[in-house]
K.L.:
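Here you go, one structure.
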Number of protein chains: 2
Amino acid sequence: MSPKAQPPGIAFRKHDHRRCQRQLLAEATQLCAERNLRLTSRRRQVLEILLASHQPMGAYDILAKLNRTAPNEQIAPPIVYRALEFLLGEGLIHRIESLNAFISCAHPGHRCGAQFLICRDCDQVAELEVSDNGLLAEAGSLGFAVDHSVVEITGVCAECQKHVG
Amino acid sequence: MSPKAQPPGIAFRKHDHRRCQRQLLAEATQLCAERNLRLTSRRRQVLEILLASHQPMGAYDILAKLNRTAPNEQIAPPIVYRALEFLLGEGLIHRIESLNAFISCAHPGHRCGAQFLICRDCDQVAELEVSDNGLLAEAGSLGFAVDHSVVEITGVCAECQKHVG
DNA sequence: TATGGTTACGTTATAATATAACACTATGTC
DNA sequence: GACATAGTGTTATATTATAACGTAACCATA
Ligand SMILES: [Zn+2]
Ligand SMILES: [Zn+2]
Ligand SMILES: [Zn+2]
Ligand SMILES: [Zn+2]
């Protein structure tokens, strides 16, 4: 089975996010099963926190949320960072470098680089998946062997442009 | 006068860096004069430290270098960050988000977004200037108003590929 | 050349982000 | 159960960045 990926720019569209969320969690669960990896409760907890929205969250925001849900235990940074590391490694979340923050992946399992549109008004982030040929071509012509690419475009989404103008 | 920009990928080519450095400093000086801005000695100091190579440096590396050159005074972080802020604002340097580091700009004054190839072997960073159409087109089709773009490609440069075998 | 406004610099303290190191616990295998 | 391994918990600390406030340099005008 190959579940359908979220369409590009979904973060900026009105959509049934409950469903969006459920679908992505199911995909993550399945993907871990297929890879024989353990989506432990900590890891799932962190993933669910990120799946709750299309907004990126800092590691310490996630930490705070964890500690709010379970005020008896006192969770420390390494726990969060380790869960994030696992999720990043499996392509279930992405790191937004220009925000020092993390966001759930809209197409779990795609191992290639993603591109992000970041609205500085509503803080939503949409994930694209464009084969940005021009750039990779230039890299190729210089004999540069690409490993990983970070593409983060900041601006104002269509919805927010309406509300301001 | 419009001085010639460094060709794309210069960081990965053998070149007369003394000259490269001199040229970029001259351009920076002129540009500040034209804009009626003060390239103070602190700012110039920080710029010169970055111009010394095509490798990005962390703010604290720059700080350490400043303090090494003048062991009598004890310079503190805000001084460095303020100089960096000025240089960033004028497009004389760039911030490499994925490294939390700074690098001198190869085309001072160009206000548009740049793209970087980052060699994880030799730590050199080459600045490109490609109109990466595919991506901006996608952004446009979503009605997203682009503000600033971060493009950072990590990999291994041609030279380093030879040396590893 | 005084005077006042502005910009830049210096200093101290602290915030925000991230990791090292090591002990303990759960999980799967024999 | 004994063992190896992977995951978690805990403490301390490293790294990156900024807030707040005072001082000095610069620049215009009188
Ligand atoms: Zn959604
Ligand atoms: Zn928006
Ligand atoms: Zn050079
Ligand atoms: Zn290299």
K.L.:
Under 4.0 Å from OP1 or OP2 of C:dC9: is there any side-chain N or O of B:Thr40 that close?
P.N.:
yes

K.L.:
Among the candidates C:dA20, C:dC9, C:dT12, find the nucleotide nearest to the side-chain atoms of A:Pro78.
P.N.:
C:dA20

K.L.:
Heavy atoms within less than 4.0 Å of DNA chain C: which residues of residues 55-70 of chain A have one? Give them sorted by number.
P.N.:
A:Tyr60

K.L.:
Rounded to whole angstroms, how far apart are CZ on A:Arg35 and C1' on D:dA6?
P.N.:
18 Å

K.L.:
Quick one, A:Leu84 and A:Ile62 - any side-chain contact, counting heavy atoms below 4.5 Å?
P.N.:
yes

K.L.:
Please state whether the phosphate of C:dA8, meaning OP1 or OP2, lies under 4.0 angstrom from any side-chain nitrogen or oxygen of B:Arg43.
P.N.:
yes

K.L.:
Return the value, rounded to whole Å, for the distance between atom CD1 of A:Ile79 and atom P of C:dT25.
P.N.:
14 Å

K.L.:
Using 30° and 60° as the class limits, which term best fits the ring planes of B:His94 and B:Phe116: parallel, tilted or perpendicular?
P.N.:
perpendicular

K.L.:
Once you round it to whole Å, what is the distance between P of D:dG7 and CD of A:Gln45?
P.N.:
16 Å

K.L.:
On DNA chain C, check which nucleotide each of A:Arg95 and B:Gln74 is closest to and give me the residue with the more 5' one.
P.N.:
B:Gln74

K.L.:
Say whether A:Glu97 and B:Ser98, considering side chains only, have a donor N or O and an acceptor N or O under 3.5 Å apart.
P.N.:
no

K.L.:
Below 4.0 angstrom, N of the basic side chain to O of the carboxylate: do A:Arg82 and A:Glu85 qualify?
P.N.:
no

K.L.:
Pick the nucleotide of DNA chain C nearest each of B:Ala76 and B:Leu37; which residue has the one closer to the 5' end?
P.N.:
B:Leu37

K.L.:
Which one of A:Arg38, A:Arg43, A:Arg35 satisfies the salt bridge (charged side-chain N to carboxylate O under 4.0 Å, His left out) criterion with A:Glu90?
P.N.:
A:Arg35

K.L.:
State whether B:Arg42 places a side-chain N or O below 4.0 Å from either non-bridging phosphate oxygen (OP1 or OP2) of D:dA24.
P.N.:
no

K.L.:
Roughly how many Å is it from CD in B:Glu85 to C1' in C:dT7, rounded to a whole number?
P.N.:
13 Å

K.L.:
Does C:dA26 have OP1 or OP2 under 4.0 Å away from a side-chain N or O of A:Arg38?
P.N.:
no

K.L.:
Between B:Glu73 and B:Arg42, does any NZ, NE, NH1 or NH2 come within less than 4.0 Å of an OD or OE carboxylate oxygen?
P.N.:
yes

K.L.:
Would you please classify the geometry between the B:Tyr81 ring and the B:Tyr60 ring as parallel, tilted or perpendicular, with 30° and 60° separating the classes?
P.N.:
perpendicular

K.L.:
Look at the side chain of A:Arg82 against the base of D:dG9 and say whether a donor-acceptor pair falls under 3.5 Å; ignore hydrogens and angles.
P.N.:
yes

K.L.:
If I take atom OH in residue B:Tyr81 and atom P in nucleotide D:dA19, what distance separates them, rounded to the nearest angstrom?
P.N.:
12 Å

K.L.:
Rounding to an integer number of Å, can you tell me how far B:Glu73 CD sits from C:dG10 P?
P.N.:
7 Å

K.L.:
May I have the distance from A:Asn100 (atom CG) to C:dA18 (atom C1'), rounded to whole angstrom?
P.N.:
10 Å

K.L.:
D:dG7 C1' sits how many Å from A:Leu39 CG, rounded?
P.N.:
13 Å

